[in-house]
Peer 1: 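Pasting a structure below so you can have a look.
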Amino acid sequence: IPQMYLNQYKDKPKIVKVAKDILYAIDNVSTEIDLDLPEEEALSQVEFDQAMILASLSNPIASAVDVEPIDENTYALKYFPSYYVSEGSEVSEYGGFTLESRDDISTDEAAKYFEDFKSYATDTINKCVSPDDSQIETASKLYKQIIKDMEFEIVEGSMSFDPTQFNTDEPVVTAGSVVKNVSERKFNGENNLCLLYVFLLNQVHIEALDIMAYNGVFTDKGKELVSERIADGMFWEWIIIGADGKYYHCDPTLEKLAYDKRYSDVAGAEPDLDYFGMSDTRRSDTFKFSRTSMMVNNDPAIFMGPGNGIKAPECEESYSF
């Protein structure tokens with residue numbers, strides 16, 4: 001569990017312990033998890049939700065499961081289910097609706113996805129990173145590798161779900177997309193490539209903030225790379241890394257789009273790193289944003305409010321290679 005999360009939960013060790021128990025159970029592809037807590041330490045539903053969020057933020061494998069309570073402190077685990085609108089569900093006054101999970105896969109199938117995901121992360125780090133590398137060198141090597149390894153395409157059409165158009169036969173979302181994308185070596189959305197990069201950085205103890213900026217505007221330079229749907233969307237997701245005492249913007253999605261555009265027919269080409277190690281000013285060359293519109297997506301406080309939250313730092317200078 002990355003230190004940036006542990007800092008927020010330093011007064012809640014029970015939640016940290018349960019998050020680790022959840023990750024161990026999923027890693028072992030268990031069908032049930034018994035928290036084995038004394039009666040006086042039984043978790044409330046809010047506490048269990050916090051532990052589940054902490055586990056999911058720490059490792060994408062936790063986002064591949066649906067967890068259902070069996071009895072107090074015992075939960076059933078379902079792997080890679082799809083989520084459907086429940087029959088008879090109605091939109092609440094806040095826009096919410098009820099989902100149910102179906103179509104989960106066997107533990108044997110899930111284990112194959114998990115093993116491939118872990119093997120890719122382990123092999124990539126061992127292949128790319130040297131003990132003598134600085135943090136920024138480590139971050140740049142992992143960044144380049146995922147750009148070269150993964151296929152990528154932008155999904156066209158609306159990415160939003162209209163709750164007024166209920167269809168109980170079509171899934172709203174399927175769990176575990178990051179893990180499956182790695183297994184297939186193919187990504188088809190704007191955020192999962194960022195989440196893979198965050199996970200790899202976490203493994204080598206480099207601070208990584210998953211940034212979402214709303215009400216932003218792509219510049220003409222940015223619009224050359226993204227689709228019309230994205231250019232009109234006014235928001236974008238990328239990473240801020242903390243390396244060697246400084247902060248930098250890194251945008252693996254734009255880097256991948258630029259790489260494919262320039263080098264689709266060039267075997268073995270290296271990424272140009274145009275969107276790695278950017279200052280605030282250089283970030284604005286492709287996507288202009290207001291600092292007040294920035295949100296740290298991988299901040300537990302967004303979901304459950306365990307602490308004061310993580311603020312996006314300023315990136316004062318670009319990294320010079």
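We number each residue from 1, following the sequence as shown.
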Peer 1: Would you please name every residue forming a side chain to side chain contact (heavy atoms under 4.5 Å, CB included) with Asp133, sequence neighbours left out?
Peer 2: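 Partners of Asp133 under the side chain to side chain contact (heavy atoms under 4.5 Å, CB included) test: Val129, Ser130, Glu137, Thr138, Lys141.
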
Peer 1: Go through the structure and list residues passing side chain to side chain donor-acceptor pair (under 3.5 Å) with Asp66, not counting sequence neighbours.
Peer 2: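 Asp66: side chain to side chain donor-acceptor pair (under 3.5 Å) contacts with Tyr83, Ser101.
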
Peer 1: If the condition is side chain to side chain donor-acceptor pair (under 3.5 Å), which residues does Lys148 pass it with, not counting sequence neighbours?
Peer 2: Glu270

Peer 1: Write out all pairs satisfying side-chain hydrogen bond (donor to acceptor under 3.5 Å, both in side chains) with one or both partners inside residues 17-26, taking only residues at least two apart or from two chains.
Peer 2: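 side-chain hydrogen bond (donor to acceptor under 3.5 Å, both in side chains) check on residues 17-26 returns Lys17-Asp21.
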
Peer 1: For Tyr263, check ring-ring contact (aromatic ring centres under 6.0 Å, His included) against everything at least two apart and list the hits.
Peer 2: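 In terms of ring-ring contact (aromatic ring centres under 6.0 Å, His included), with neighbours along the sequence ignored, Tyr263 is linked to Tyr259.
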
Peer 1: For Phe187, check ring-ring contact (aromatic ring centres under 6.0 Å, His included) against everything at least two apart and list the hits.
Peer 2: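 Partners of Phe187 by the ring-ring contact (aromatic ring centres under 6.0 Å, His included) criterion come out as none, since no residue qualifies.
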
Peer 1: Filter on ring-ring contact (aromatic ring centres under 6.0 Å, His included), then keep only pairs touching residues 36-67, sequence neighbours left out; what's left?
Peer 2: Phe48-Tyr75

Peer 1: Sequence neighbours left out, what passes side chain to side chain contact (heavy atoms under 4.5 Å, CB included) with Ser44? Give chain and number order.
Peer 2: Val46, Glu47

Peer 1: Just so I know, are the side chains of Thr31 and Leu77 near enough to count as touching, which here means a heavy-atom distance under 4.5 Å?
Peer 2: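 No - every pair of side-chain heavy atoms lies 4.5 Å or more apart.
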
Peer 1: Under the rule for ring-ring contact (aromatic ring centres under 6.0 Å, His included), what residues qualify as partners of Phe199, not counting sequence neighbours?
Peer 2: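 Residues passing ring-ring contact (aromatic ring centres under 6.0 Å, His included) with Phe199: Phe117.
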
Peer 1: Under the side chain to side chain donor-acceptor pair (under 3.5 Å) rule, collect the residues that match up with Glu207, sequence neighbours excluded.
Peer 2: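 So Glu207 forms a side chain to side chain donor-acceptor pair (under 3.5 Å) with Tyr247.
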
Peer 1: CG/Leu57 to CD/Gln8 distance, rounded to the nearest 0.5 angstrom?
Peer 2: 9.5 Å

Peer 1: With sequence neighbours left out, what residues match Ala110 under side chain to side chain contact (heavy atoms under 4.5 Å, CB included)?
Peer 2: Val29, Tyr79, Phe80, Ile105, Phe114

Peer 1: Under the side chain to side chain donor-acceptor pair (under 3.5 Å) rule, collect the residues that match up with Glu109, sequence neighbours excluded.
Peer 2: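 Glu109: side chain to side chain donor-acceptor pair (under 3.5 Å) contacts with Ser106.
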
